[in-house]
Amino acid sequence: MRLEHFDHRRHASKPFSSGNEVMDQWLRRFAKRSQRDSLTRVFVLVEGADAKVGKLPILGYFALSMASVEVGSLAVTDRERLPRYPVPAVLMTRLAVDNTRQGKGLGRALLVKAATKAVLASEMVAARLFVVDALDDGAARFYENFGFARCPDDPLRLYIGLQRLSDGLK
Amino acid sequence: MTRLQLRIRDEFRNRIEDQATRTGVTLSDYVVAAVAEKLERDAEAANRIQLSEESRAWFFEVLEDTSPLPDAWAEAKNLAEEIEG
């Protein structure tokens, strides 16, 4: 299996079915434009050689973009702890695995791949947080198992420090 | 190029048209500019995360947490090694 940048000419988004319509529809209807407009980078998991006719089925995907995080107004002492503010972050807005491949650890593997890319991005352009959007409480608990912390303002958005990831993924 | 058709109230159309005239542009140009501006703002807002004052302590805890990653990452890394790229 391999991870590739989503290319609508080579990857078949229509048959993708994760069991969640929001995730499936986003891939089918918005991924191409979002990537073209550089709003997100979409990575798809595929296997097999390129077929001469037809497209490769997508086994899973995730989407990354840059974000910034602010918290109210900062005190002078807070600013000393934050050389750069707002705090730059890598945001993973979506992660999904096709029905036919669920239960085999691909979601966890894709999370590692996404986190690795976030760490790489932070080494190129500076970011301090990896933020993930969970679809529901079950997904949020999945991320909590990996050390992500739920935001008090939005329990379906979870955060982890990129330095912590970088140290742990080496 | 493509055409977009909208159904709106007469009075709303009149307001847009009046404003377009005052600005010295066509109705189409005015509407396109207004939508383009909203698109930009929405795109920016989607990736600008604003946390509340109440989240301040939590926010700093996360930023400054250097504890080792949970064991779940080690197993997941082994799975990820099966994937190229």
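Every chain is numbered from 1 and lettered A, B, ... according to where its sequence line falls, protein lines coming before strand lines.
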Does [X] use its side chain to pair, donor to acceptor, with the backbone of [Y] at less than 3.5 Å?
| X | Y | value |
| --- | --- | --- |
| B:Arg48 | A:Ser68 | no |
| A:Arg157 | A:Val132 | no |
| A:Asp136 | A:Gly138 | yes |
| A:Ser34 | A:Ala31 | no |

Review point. Cut-off 3.5 Å, side chains only: do A:Ser18 and A:Asp24 have a donor facing an acceptor?
Key: yes
Review point. Is it the case that A:Asp98 and A:Thr100 place a side-chain donor and acceptor less than 3.5 Å from each other?
Key: yes
Practice item. Could you tell me which of A:Asp154, A:Leu3, A:Asp153 has the largest number of non-hydrogen atom pairs under 4.5 Å with chain B? Key: A:Asp153
Practice item. Could you tell me which of A:Glu70, A:Met66, A:Glu47, A:Arg108 has the largest number of non-hydrogen atom pairs under 4.5 Å with chain B? Key: A:Glu70
**Study point:** Region of A:Phe148 that comes under 4.5 Å of a non-hydrogen atom in chain B
**Key:** side chain
Practice item. Check whether A:Ala89 gets within reach of chain B through its side chain, its backbone, both or neither, counting any heavy atom under 4.5 Å. Key: neither
Exercise for review: Please determine if A:Glu144 and A:Arg141 form a salt bridge, counting it only when a charged side-chain N lies under 4.0 Å from a carboxylate O.
Suggested key: no
Review point. Do the rings of A:Tyr61 and A:Trp26 sit parallel, tilted or perpendicular, given the 30° and 60° boundaries?
Key: parallel
Does a side-chain heavy-atom distance below 4.5 Å link [X] with [Y]?
| X | Y | answer |
| --- | --- | --- |
| A:Met1 | A:Leu106 | yes |
| B:Trp58 | B:Leu51 | yes |
| A:Arg2 | A:Val46 | yes |
| A:Arg41 | A:Lys117 | no |

Review point. With a 4.5 angstrom heavy-atom cut-off, which part of B:Glu81 approaches chain A: side chain, backbone, both or neither?
Key: neither
Check your understanding: What are the residues of residues 159-170 of chain A, in order of number, with any heavy atom under 4.5 angstrom from a heavy atom of chain B?
Key -> A:Tyr159, A:Ile160, A:Gly161, A:Arg164, A:Leu165, A:Gly168, A:Leu169, A:Lys170
Point to revise | Residues in residues 71-78 of chain B near chain A [non-hydrogen atoms, under 4.5 Å] | key: B:Ala72, B:Trp73, B:Glu75, B:Ala76, B:Lys77
